[in-house]
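Quick caveat, the model's predicted, so the values are computed rather than measured.
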There are 2 protein chains.
Amino acid sequence: MMAKVGIRDVSKAAGVSVTTVSHALSDAHQSRVNPETRRHVQEVAARLGYAPNRLASGLRNQRSYLLGLVSDQIASTPFAGEMILGAQDAAYERGWLVMLVDSGGNPDLEERQVSTLLQHQVDGIVYAKMYHQQLTVPGGARGIPLVLLDAEDLDAKVSSVAPDEVLAARTAVKELLDAGHRRIGFINQNNEIPATSGRLEGYRSALAEAGIEYDADLVTYEVPDVSGGRDGALKLLRLPEPPTGLFCFRDPQALGAYEAAQSLGLGIPEDVSVTSVDDFEIISEGLWPGLTTVALPHYEMGRWAVSRLLDEIEDPEKARTPERLLFECPIVRRGSVAPPRASMPRDSDRKDPSRMNSATAAPTEGAA
Amino acid sequence: MMAKVGIRDVSKAAGVSVTTVSHALSDAHQSRVNPETRRHVQEVAARLGYAPNRLASGLRNQRSYLLGLVSDQIASTPFAGEMILGAQDAAYERGWLVMLVDSGGNPDLEERQVSTLLQHQVDGIVYAKMYHQQLTVPGGARGIPLVLLDAEDLDAKVSSVAPDEVLAARTAVKELLDAGHRRIGFINQNNEIPATSGRLEGYRSALAEAGIEYDADLVTYEVPDVSGGRDGALKLLRLPEPPTGLFCFRDPQALGAYEAAQSLGLGIPEDVSVTSVDDFEIISEGLWPGLTTVALPHYEMGRWAVSRLLDEIEDPEKARTPERLLFECPIVRRGSVAPPRASMPRDSDRKDPSRMNSATAAPTEGAA
DNA sequence: TTGAAAGCGCTAACAA
DNA sequence: TTGTTAGCGCTTTCAA
């Protein structure tokens, strides 16, 4: 294996000093070098396959072009991949690389990981959480540019990005309202996190806006997985006056709701319409009919977090006015929403066919 | 913000030379320093919050303690998180950090990413693929320690780890055979990758071992997602002499098979048993009944890849004899397998109850 | 047992 | 326009 080629090799081969090589190869200092010399140097560098050692330049510049991504759960949430990818893409496009650590939720480990990142002189840190939460930035990470991902700073000192939970729920519930549903159940989840209260608020405000009174019997709090969805749907659909539409806290619950409806002999969407939040595609596209659900924009949030972080790194002034962004969440329409049976007495079946069409838009089946 | 504390600050505060500080703080050179001095230095260093600059030490040592993880698809596969986490854990435990890049399958971008990693002086590279495949290591990545993850080297020059596809399929099919099924359908997938032929081989060998002749009509090739599972199951279950057990290429197809069975009025597992490969928990645990499926050990593969890589970095001799590992895949039993109806004529229902028990082991419902 | 000093590969202030 | 050189923070050889 050939020895690594350094700047001195290039300078010798090109017959110029290392300074000239450095300047010729730098974007910022090109002007300090004769265009002809520059071309020559670049040519020689390319021929030798020279690439600057970023450890050395980082040491000299006090800039590593490294970012740390600190997470509490990479593996257990299927969305993490999207957030990470968004972060990595945004970083790479601007010349940075991201180093990943995952503490599995262990604060001690996390502290050591942050310290390791700092030893590597990362220029900034993205502090990511597996679900939207409020927190205080841990001490070890202060004093370095930092942005929160899927979290908010209780002290409002650092920038953050998270989904707009209220709006997400409003969107999902409005989809049911627009289809004509008046009696809409909400399978919420039973942990005290911002999403729980936020989505409840969105649910209530959408109803209020449609002039529908809030009925606590239509809201149930279940574990946020398939079995919770099953339990909640069973509970709601067995009510004396069951809802015709179900809004689920997240897609796995919707899967459970499908199973519950089926076990009760109810068809989706003819007998009960379902919307949800996540757009966890393996579920939302896999179900039959496809699930109409509000997508959480994880890739975009990851991108935004890194963009903002780099902005603050390159212009420290920006860090003085942190930005707290709540992302809008787009709805993805598939086949789980139709007008309610009750609102369509037999003799008026044809009165408003347009509504039916819009509510049961064709599923978008991607190529395999 | 306080200025960063360096080794000189410690040396001044402790009243010793930087050499002594360096030795006192190093694991390898402790002996070169008076135990008392050492304790003193360590104390001062801790008090000042000194942590060595790894850019500087890396430059000096020609070792960055950085690993590159090059992947073609982090986001689109929900398992990637597990592989990445396994890699990151193994690296961190041995003092390394991993930098992640994802090319989205774009070879040009990948080449530039690898070059960026090399500029950062990574000590080695894990080259990961989103699904098990055979490949040649790209030129830019040669000459540096490298291990393949979920892939195999056509030139057999570098170490690699991937699931044992044949064994995985054997395990899943044997589960059906052991429950008494003799007519077993295989919903394979329609891309030419090692898993396709490997699992077919496993399917055939399991049948052969049980003395069952291979019947090509029972194997169907479908897109590897929910719709493919639906199509395949429909096709097989509508055969004049339909299978009583279905082996699916992967979990999303199994979900489709569930839907197909349901639409045909067939119950799982009473009318048709299902096994699969993946253990994609949101599906396998979410389905009702839970899916009996063979787990692909992504976390472990990620760990192994990095362990092996570090072994080769620390002892370059090891790289001369690359290891090609095929991981065994454990089966996770849930509720989708029962003895076939046909093999249990009414008057012999009680003849072999133990078998029924083992086949329908209770689902392991984890806490939310 | 301790310290002085060279040097890892690069950038940039300063000099020519 | 180009070159000489100091120094980023650390480790380690060599000398004391």
**Message:** I need the CD-P distance between A/Gln62 and C/dA12, as an integer number of Å.
**Reply:** 12 Å

**Asked** Is any side-chain nitrogen or oxygen of B/Tyr65 closer than 4.0 Å to OP1 or OP2 of D/dC10?
**Response** no

**Message:** Testing the 3.5 Å rule here: is there a donor-acceptor pair between the side chains of A/Ser22 and A/Thr19?
**Reply:** no

**Proximal nucleotide (of C/dT2, D/dT2, C/dG9) relative to the A/Asn53 side chain** = C/dG9

**Complete:** Looking only at D/dG9, D/dT12, D/dG3, the nucleotide nearest the A/Thr20 side chain is D/dG3

**Asked** Closest nucleotide of DNA chain C for A/Leu55 versus for B/Val18: which of these residues is on the 5' side?
**Response** B/Val18

**Message:** Heavy atoms from C-beta onward define the side chain here; which of D/dC10, D/dT2, C/dG3 lies closest to that of B/Ser17?
**Reply:** C/dG3

**Request:** Before accepting this row, confirm whether a basic side-chain N of the pair B/Glu300/B/Arg303 lies closer than 4.0 Å to the acidic partner's carboxylate O.
**Result:** no

**Item:** Length of the line joining A/Tyr50:OH and C/dG9:C1', which is rounded to integer Å
**Value:** 8 Å

**Request:** Give a yes or no on whether a donor-acceptor pair under 3.5 Å exists between the nucleobase atoms of C/dA12, that is its base, and the side chain of A/Ser22.
**Result:** no

**Prompt:** Taking atom types as they are modelled, is there a donor-acceptor pair under 3.5 Å from the base of D/dT12 to the side chain of B/Thr19?
**Reply:** yes

**Request:** Could you tell me whether B/Ser26 contacts a base, only the sugar-phosphate backbone, or nothing, with contacts defined as non-hydrogen atoms closer than 4.0 Å?
**Result:** nothing

**Complete:** Among the nucleotides C/dG7, C/dT2, C/dA12, whichever has the atom closest to the side chain of B/Arg60 is C/dG7

**Distance in angstrom units between A/Lys12 NZ and C/dG9 P, rounded** = 11 Å

**Message:** Rounding to an integer number of Å, can you tell me how far A/Glu36 CD sits from D/dT2 C1'?
**Reply:** 15 Å

**Prompt:** Any side-chain donor-acceptor pair under 3.5 Å between B/Tyr299 and B/Asp89?
**Reply:** yes

**Item:** Side-chain donor or acceptor of A/Asp72 paired with backbone N/O of A/Met130 under 3.5 Å
**Value:** yes

**Prompt:** Which nucleotide in the set D/dT2, D/dC10, C/dT1 lies at the smallest distance from any side-chain heavy atom of A/Asn34?
**Reply:** D/dT2

**Message:** Rounded to whole Å, how long is the line connecting atom CZ of A/Arg63 with atom P of C/dG9?
**Reply:** 24 Å

**Between D/dA6 (P) and A/Leu59 (CG): distance, integer Å** = 17 Å

**Asked** Taking the side chain of A/Val16 as its heavy atoms from C-beta onward, which of D/dG3, C/dT11, C/dT2 lies nearest to it?
**Response** D/dG3

**Message:** Starting the side chain at C-beta, find the nucleotide from C/dC8, D/dT2, D/dT11 nearest to B/Ser57.
**Reply:** D/dT11

**Asked** So which nucleotide from D/dC10, D/dT12, C/dT2 ends up closest to the side chain of B/His29?
**Response** D/dT12

**Request:** Report the distance from atom CD1 of B/Ile7 to atom P of C/dG3, rounded to the nearest whole Å.
**Result:** 12 Å

**Item:** From B/Glu312, B/Arg324, B/Glu152, residue fulfilling side-chain hydrogen bond (donor to acceptor under 3.5 Å, both in side chains) relative to B/Ser159
**Value:** B/Glu312

**Item:** Whole-Å distance separating the CZ atom of A/Arg54 from the P atom of C/dC10
**Value:** 12 Å

**Message:** Taking A/Gln121's backbone N and O only, do any of them form a donor-acceptor pair with A/Ser64's side chain (distance below 3.5 Å, no angle check)?
**Reply:** yes

